[in-house]
Novice: 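The following block contains the structure, expressed as C-alpha cells.
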Amino acid sequence: MGLKIETLSLKNWRNIEDKLIHFNKNLTVLLGSNASGKTNTLEAIQLLSSGATFSHTHTNHLLQKGKREGKIEATYTGDKRKITLACLLTEEGKSVKKQFFKNGKKKAQNHPQGTLPTILFTPDHLSLIKDSAHVRRDELNHFCSQVSPQYHEVLKTYNRALEQRNKLLKDPTLEKTMLSVWDEALSLGGATLFQARAQIIAHLMPYIEKAYHAFSPAEKLSILYKPALPNIGIFSEKTNKKEIRELFLAALQNSFPEDLRNGFTTFGPQKDDVVFMLNDKEARAFASQGQQRSLVLAWKLALVQYTEDFFQQIPLLLLDDVMSELDEERREAMTTFLRKDIQTVITTTHLGYFSEKTLEEADIISYP
Ligand SMILES: Nc1ncnc2c1ncn2[C@@H]1O[C@H](COP(=O)(O)OP(=O)(O)OP(=O)(O)O)[C@@H](O)[C@H]1O
Ligand SMILES: [Mg+2]
C-alpha cells in the first residue's frame, strides 16, 4: 500500500557534503552526535517527499556555505512504480535557486503536493501546544494540503482573496458594497476550509485518544476545533457547506464596521484555533513538558493512522529526537508505535534509548 523511500542522496546540503542512505528496512535510525546533520537529513526527506519544508529558513541556507551547487535526490518504490525526485540548488548572485525534478523532468517550483505524505515530529512541534493559534493552523494546513490537493487549492485562493479584502480595509473611506465580491469569494472558500477542518478534527478524535492513552493511561486527551465564526453554537462537522457559507457571509457583512476600524478581517479560517484539552482542562495553560511531548506525539501518531485509514496511503514517519525527553514508560509506548508496516526514520544521539529487539530490526546510519 503506497510508496516507500528507497534511497536518499545529499550533496552540499546544509552541513552534509556527500551522503547516500539506503532505506532497506522499515525502521532507519540516524545516529550521531549533536550538529552532525541528522535533522538536516530529515528536512531533506520531507522537502522531497511532501514538497514542503518544515524549517522556515531561507533557501540560501539550504545550500552548504561556500558551495555553488547542491542536490538532494530520493527514489521511491511501491504500487509497481519507481519515482525519482530531486531538488537542485544553484547559487544565483546573492540568492540560491531551488528547482524540483520528477523522474528527470522539471516540476513547478515549490510544488506542495508531494509524492508521499510525511508526518514529522521535531522538538519544535512542542510549540503546537503552547504557542499561538497560527502554529496549529499551519500544522492543519500542512497536513490537509498533503492529503487533499483540493484543500490546498482552496486555501491558496482564499488567502489571495483575504489579502485583497484586507488591503481594501486599510482605506477608511471604503464603502461596504465595494467588498461584496470579496465577501462572496471568502465565504465560498472559507466554508470549504471550515468544514474540512471540522471534519478532520472529528475523525482524528478516536485516534488521538487512543494514542494518548498508550502514553498516559490515566489521563484523557481531547481536541476541540474552534472556528472563528460568531454564534458557532449551530456549527459542527455535520453542518452542511451551504449553511456554513451563509453563516460566514453574514459574519463578514456584520463585522464590516469593526473590520474597517481594525484594518483587517475579523472572522474566518485565518483566525481559527484548535484547543488541546487534558482531563477537561486547557493543555495550553496546564500541561507539563512531558505531557506536551506526549500530546504532540499522540497528535502525530493519530495523523499517521488517519492517513492510512482514510487515504489508503501509509505515510512516512519522521521522528526527530523523540526519545530523549520521554520517561521509560512513554519510551516503551513509543517503541510499540514503531510498527513494522510504517516506514519510519528516527534520529538519536544515543542507541541506548532503543530496545535490542527494535535495533535488530533497524538500519543504523552513522553520522560522523
Ligand atoms: N548551509 C549550511 N552550511 C553549512 N552548515 C550548515 C548549513 N545549514 C546548517 N548547517 C549546520 O549543520 C549543523 C547540523 O545541524 P543538524 O540540526 O542537522 O544537527 P543534528 O545532527 O540534528 O544535531 P542535534 O543532535 O543537536 O539535533 C548545524 O551545526 C548547522 O549550523
Ligand atoms: Mg537535530
Side-chain angles (χ1 to χ4, degrees), residues 27 29 119-133 135-140 143 197-226 236-237 272-310 314-315 317-342 344 346-359 361-362:
L27 179 63
V29 180
I119 308 296
L120 169 85
F121 168 89
T122 83
D124 284 350
H125 285 128
L126 296 177
S127 65
L128 266 178
I129 309 296
K130 295 246 167 167
D131 272 14
S132 56
V135 183
R136 289 176 288 282
R137 284 193 301 269
D138 284 355
E139 170 80 4
L140 261 186
F143 177 73
R197 289 174 182 181
Q199 287 175 347
I200 225 161
I201 298 292
H203 289 317
L204 279 172
M205 271 306 280
Y207 294 109
I208 196 164
E209 276 173 3
K210 188 164 167 242
Y212 193 77
H213 191 258
F215 287 114
S216 197
E219 293 170 327
K220 185 177 161 282
L221 164 65
S222 56
I223 39 176
L224 287 177
Y225 172 50
K226 288 211 164 155
S236 85
E237 78 278 6
D272 279 357
D273 200 357
V274 175
V275 181
F276 285 74
M277 305 288 291
L278 204 51
N279 293 335
D280 300 321
K281 283 198 281 205
E282 265 202 47
R284 188 171 178 185
F286 292 100
S288 75
Q289 293 276 15
Q291 283 172 322
Q292 286 175 56
R293 190 165 271 254
S294 310
L295 284 168
V296 176
L297 280 171
W299 163 264
K300 298 287 180 177
L301 296 171
L303 292 181
V304 171
Q305 217 76 66
Y306 172 77
T307 308
E308 196 178 342
D309 289 353
F310 280 75
I314 300 181
L317 182 58
L318 305 175
L319 299 171
D320 193 16
D321 202 10
V322 72
M323 297 297 205
S324 61
E325 281 170 41
L326 293 178
D327 60 26
E328 195 60 41
E329 208 175 317
R330 289 178 166 91
R331 219 175 275 156
E332 278 284 326
M334 194 61 226
T335 309
T336 58
F337 269 108
L338 302 179
R339 279 176 23 205
K340 292 192 183 68
D341 57 340
I342 297 175
T344 305
I346 187 165
T347 74
T348 190
T349 52
H350 188 48
L351 286 183
Y353 292 135
F354 301 87
S355 71
E356 252 173 54
K357 189 164 171 289
T358 306
L359 293 175
E361 290 166 1

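What you see is a predicted model; the values in this text were computed from it and never measured. FYI, side chains are in, hydrogens and waters are out, and symmetry mates aren't considered; it's all heavy atoms of this structure.
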Novice: Mind jotting down which residue pairs meet the salt bridge (charged side-chain N to carboxylate O under 4.0 Å, His left out) criterion with at least one end in residues 198-222? Sequence neighbours excluded, please.
Specialist: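 Qualifying pairs: Lys220-Asp280.
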Novice: Inspect the surroundings of CD in Glu329 and state if more than 12 heavy atoms from other residues, nucleotides or ligands are less than 6.0 Å away.
Specialist: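 Not more than 12 within 6.0 Å, no.
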Novice: Hey, are the side chains of Leu128 and Gln292 touching, using non-hydrogen atoms and a 4.5 Å cut-off?
Specialist: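 Answer no - side chains too far apart.
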Novice: Can you check whether Phe143 reaches Thr307 side chain to side chain, under 4.5 Å on heavy atoms?
Specialist: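 Phe143 vs Thr307: side chains touch.
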Novice: Could I get the full list of salt bridge (Lys or Arg N to Asp or Glu O under 4.0 Å) partners for Arg330, not counting sequence neighbours?
Specialist: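 Salt bridge (Lys or Arg N to Asp or Glu O under 4.0 Å) list for Arg330, sorted by chain: Asp327.
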Novice: Looking at every non-hydrogen atom in both residues, tell me the closest pair between Asp272 and Ala133 and how far apart they are.
Specialist: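 Here Asp272 and Ala133 meet closest at O-CB, 3.6 Å.
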Novice: Rounded to the nearest 0.5 Å, what's the gap from CG on Asp309 to NE2 on His203? Could you check?
Specialist: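 The CG atom of Asp309 sits 11.0 Å away from the NE2 atom of His203.
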Novice: Would you indicate whether the side-chain heavy atoms of Leu297 and Phe337 approach each other to under 4.5 Å?
Specialist: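 No, side chains not in contact.
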Novice: Tell me whether Thr344 contacts the main-chain N or O of Leu27 through its side chain, where contact means a donor paired with an acceptor under 3.5 Å.
Specialist: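 No, because the side chain of Thr344 does not come within donor-acceptor range (under 3.5 Å) of the backbone of Leu27.
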Novice: Show, in sequence, the C-alpha distance, side-chain angles and deciding distance for Glu237 and Ile201, and conclude whether the side-chain contact (heavy atoms from CB on, under 4.5 Å) test is met.
Specialist: CA-CA 8 Å; Glu237 78 278 6; Ile201 298 292; over 6 Å; no
Novice: How many angstroms lie between CE in Met323 and CD1 in Ile346, if you round to the nearest 0.5 Å?
Specialist: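 Separation between the atoms: 4.5 Å.
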Novice: Show your reasoning for whether side-chain contact (heavy atoms from CB on, under 4.5 Å) applies to Arg137 and Arg197.
Specialist: CA-CA 10 Å; Arg137 284 193 301 269; Arg197 289 174 182 181; 4.2 Å; yes
Novice: Cation-pi check for Phe286 against Lys281: NZ or CZ below 6.0 Å from the six-membered ring centre and within 45 degrees of the axis, yes or no?
Specialist: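 The answer is yes, since Lys281 meets both limits relative to Phe286.
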Novice: For the atom pair CD (Gln289) and OG (Ser294), what is the distance rounded to the nearest 0.5 Å?
Specialist: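 Between atom CD of Gln289 and atom OG of Ser294 there are 11.0 Å.
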Novice: Are any of the side-chain heavy atoms of Glu361 and Leu338 separated by less than 4.5 Å?
Specialist: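 No, their side chains stay 4.5 Å or more apart.
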Novice: In Å and rounded to the nearest 0.5 Å, what is the CD1 to CD1 distance from Ile223 to Ile200?
Specialist: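 It is 10.0 Å, given to the nearest 0.5 Å.
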Novice: Hey, mind stepping through Thr335 and Phe354 against side-chain contact (heavy atoms from CB on, under 4.5 Å) and telling me if it holds?
Specialist: CA-CA 8 Å; Thr335 309; Phe354 301 87; 5.7 Å; no
Novice: Counting distance only, does the side-chain N/O of Thr348 pair as donor-acceptor with the main-chain N or O of Leu351 below 3.5 Å?
Specialist: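 A pair under 3.5 Å: no.
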Novice: So Asp320 and Asp124, do their side chains get closer than 4.5 Å, heavy atoms only?
Specialist: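 No, every pair of side-chain atoms sits at 4.5 Å or beyond.
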Novice: Could you check whether Glu328 pairs with Arg331 (Lys NZ or Arg NE/NH1/NH2 to Asp/Glu carboxylate O, under 4.0 Å)?
Specialist: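 Judged by the 4.0 Å cut-off on N to carboxylate O distance, Glu328 and Arg331 do form a salt bridge.
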Novice: Looking at OH of Tyr207 and CD of Gln305, how far apart are the two atoms once the value is rounded to the nearest 0.5 Å?
Specialist: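 Tyr207 atom OH to Gln305 atom CD measures 7.0 Å (nearest 0.5 Å).
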Novice: Among Arg284, Gln291, Arg136, whose side chain to side chain contact (heavy atoms under 4.5 Å, CB included) with Phe276 holds?
Specialist: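 Of all the options given, the one that passes is Arg136.
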Novice: Determine yes or no for a side-chain-to-main-chain donor-acceptor pair under 3.5 angstrom, with His125 supplying the side chain and Thr122 the backbone.
Specialist: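 At least one qualifying donor-acceptor pair exists.
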Novice: Report yes if the side chains of Leu278 and Tyr212 come closer than 4.5 Å at any heavy-atom pair, otherwise no.
Specialist: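 Yes; the side chains approach each other to less than 4.5 Å.
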Novice: Is Ile208 close to Tyr306 at the side-chain level, that is, under 4.5 Å between some pair of heavy atoms?
Specialist: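 Side-chain contact under 4.5 Å: no.
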Novice: Check whether any side-chain heavy atom of Leu303 sits under 4.5 Å from a side-chain heavy atom of Glu139, and report yes or no.
Specialist: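 Side-chain contact under 4.5 Å: yes.
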Novice: Rounded to the nearest 0.5 Å, how far does CG of Leu120 lie from CG of Leu319?
Specialist: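 These two atoms lie 8.0 Å from each other.
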Novice: What closest approach, in Å, do Arg293 and Asp321 show between heavy atoms, and which atom pair accounts for it?
Specialist: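 It is NH1-O, 3.3 Å.
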